[in-house]
Amino acid sequence: MKTTLGCIRRADQDFKMIQPGDRVAVGVSGGKDSLLLLHALSLYRRVRHNDFTLQAVMLTTGKEEPDTTAIRALSRSLDVPITIRHTALYEILFELRKEENPCALCAKMRRGMLCDLCHELGANKLALAHHREDALETLLMSLIFEGRFHTFHPNTWLSRSDITVIRPMVYLPEKHVLHMKKELNLPILVNPCPANGHTKRQEMKELLAELSHRYPDIKDRLLSALRNDRQYGLWEK
């Protein structure tokens, strides 16, 4: 957990993610990334001397409402209240619209629902669990499919909803997330999405793994490009 908290502290300092008095909603999907973020922010809150509050928010998206008993228990153990809502995303995407490539639309709809939930609960910031490889995979997708050098920013204000989206784990390597999943015995939910494992992002994950095998330091180089390059730096402080 020391590595996780160190990466969160660094991201917080670099991008000024959390300010005293912030009301932070943690987006929980039931996957390893979001559950680790929930656990880590509950500890980081102590590092920050409780100068911000936490609230977990979860949207379930499967055809059937899943059993979230273990996730509720985890939230209680961390002293973080959780609000869980079951959505009709599965029916909309796969039964009504019959989307072949649902990821972009699903992400947009989920983000809108999460922002609405943040307003309902009085949160001004939404913390999402994207890690280092998520940022690099998004970069590769933009280069290959859109012809531009782009990825999400770790600290983004959404003007329409007046919610700031933060990504505290953006410096954390995915391999450490996998390690902490086992270390903490996180109660992972099975991803109910029929497209899981068959997306462009999965292709980018495999491509990044292949590139890393050939060029072991490529992830650090790409991360440096995002942060430091004067022409293309997307994450300049």
Side-chain angles (χ1 to χ4, degrees), residues 1-12 15 17-18 24-45 54-62 66 68 70-75 77-78 80 82 84 89 103-104 106-107 110-111 113-114 117-118 125-141 151-156 165-193 195-197 199-206 208-209 212 219 222-223 226:
M1 187 57 75
K2 183 178 180 181
T3 298
T4 305
L5 291 176
C7 287
I8 288 177
R9 182 200 288 270
R10 179 183 166 203
D12 186 18
F15 302 108
M17 292 185 176
I18 301 175
V24 181
V26 184
V28 174
S29 66
K32 65 184 189 313
D33 307 332
S34 63
L35 292 179
L36 176 59
L37 177 62
L38 177 62
H39 200 292
L41 283 181
S42 72
L43 298 177
Y44 188 61
R45 178 174 53 177
L54 279 179
Q55 161 80 50
V57 291
M58 182 175 183
L59 301 177
T60 59
T61 58
T68 57
I71 292 178
R72 291 181 185 275
L74 174 63
S75 296
S77 71
L78 299 174
V80 179
I82 187 168
I84 300 177
L89 279 175
C103 297
C106 181
R110 283 171 57 87
R111 186 166 58 248
M113 292 176 182
L114 286 170
L117 195 49
C118 285
K125 291 188 175 176
L126 172 62
L128 300 180
H130 297 106
H131 48 65
R132 182 185 68 176
E133 277 70 17
D134 287 326
L136 300 184
E137 290 158 14
T138 301
L139 174 64
L140 290 177
M141 282 196 293
T151 190
F152 52 74
H153 195 277
N155 190 352
T156 306
V165 175
I166 60 175
R167 296 172 169 92
M169 296 202 310
V170 75
Y171 288 150
L172 188 67
E174 187 176 20
K175 65 180 181 180
H176 188 73
V177 178
L178 292 167
H179 168 72
M180 292 309 301
K181 167 191 169 183
K182 297 178 181 178
E183 186 76 16
L184 298 173
N185 193 26
L186 295 172
I188 308 299
L189 284 182
V190 175
N191 190 336
C193 179
N196 185 40
T199 63
K200 295 298 183 185
R201 179 168 292 277
Q202 180 63 31
E203 292 179 17
M204 295 304 100
K205 183 181 291 292
E206 294 168 2
L208 187 59
S212 298
K219 291 181 181 179
L222 288 173
L223 192 66
L226 288 174

For the atom pair [atom1] ([X]) and [atom2] ([Y]), what is the distance rounded to the nearest 0.5 Å?
X: T68; Y: I84; atom1: OG1; atom2: CD1; answer: 3.5 Å
X: M180; Y: T4; atom1: CE; atom2: OG1; answer: 5.0 Å
X: I166; Y: D12; atom1: CD1; atom2: CG; answer: 7.5 Å
X: L36; Y: H179; atom1: CG; atom2: NE2; answer: 10.5 Å
X: T60; Y: L189; atom1: OG1; atom2: CG; answer: 9.0 Å
X: S34; Y: I71; atom1: OG; atom2: CD1; answer: 7.0 Å

Shortest non-hydrogen separation from [X] to [Y] and the atoms involved:
X: M58; Y: S29; result: CE-O, 3.7 Å
X: P187; Y: A70; result: CB-CB, 3.6 Å
X: A11; Y: M17; result: CB-CE, 3.8 Å
X: S75; Y: L38; result: OG-CD2, 3.8 Å
X: A129; Y: D134; result: O-OD2, 4.1 Å
X: L35; Y: G30; result: CD1-O, 3.7 Å

task = Decide yes or no for M1 and L184: does some side-chain heavy atom of the first lie under 4.5 Å from some side-chain heavy atom of the second?
result = yes
request  = Measure the shortest side-chain to side-chain distance between L226 and L136 over non-hydrogen atoms and say whether it is less than 4.5 angstrom.
outcome  = yes
request  = Check step by step if side-chain contact (heavy atoms from CB on, under 4.5 Å) holds for L223 and Y171.
outcome  = CA-CA 9 Å; L223 192 66; Y171 288 150; 4.3 Å; yes
request  = Quickly, which of E174, E133, E137 forms a salt bridge (Lys or Arg N to Asp or Glu O under 4.0 Å) with K219? Name it, please.
outcome  =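 Single pass found, and it is E133.
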message = Would V80 and L41 count as a side-chain contact (heavy atoms from CB on, under 4.5 Å) here? Give the steps.
response = CA-CA 10 Å; V80 179; L41 283 181; over 6 Å; no
inquiry  = What verdict does the side-chain contact (heavy atoms from CB on, under 4.5 Å) test give for V165 and H153, after you've listed the backbone C-alpha separation in whole Å, the side-chain angles of each residue and the deciding distance to 0.1 Å?
reply    = CA-CA 9 Å; V165 175; H153 195 277; over 6 Å; no
inquiry  = Pair L54, L78 - check side-chain contact (heavy atoms from CB on, under 4.5 Å), show working.
reply    = CA-CA 10 Å; L54 279 179; L78 299 174; over 6 Å; no
ask   = With sequence neighbours left out, what residues match H39 under ring pair (Phe, Tyr, Trp, His ring centres under 6.0 Å)?
value =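 Applying ring pair (Phe, Tyr, Trp, His ring centres under 6.0 Å) to H39 gives none.
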task = Using the test ring pair (Phe, Tyr, Trp, His ring centres under 6.0 Å), find all partners of F152 that sit at least two apart in sequence or belong to another chain.
result =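 In terms of ring pair (Phe, Tyr, Trp, His ring centres under 6.0 Å), with neighbours along the sequence ignored, F152 is linked to H130.
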query = Any donor-acceptor pair under 3.5 Å linking the side chain of D33 with the backbone of H131?
reply =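 The answer is no, because no donor-acceptor pair under 3.5 Å joins these two groups.
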ask   = Within the side chain of R201, is there an N or O that forms a donor-acceptor pair under 3.5 Å with the backbone of M141?
value = no
key: Residues that L178 engages under side-chain contact (heavy atoms from CB on, under 4.5 Å), provided they are two or more places apart   =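 Counting only residues at least two positions away or on another chain, L178 forms a side-chain contact (heavy atoms from CB on, under 4.5 Å) with K32.
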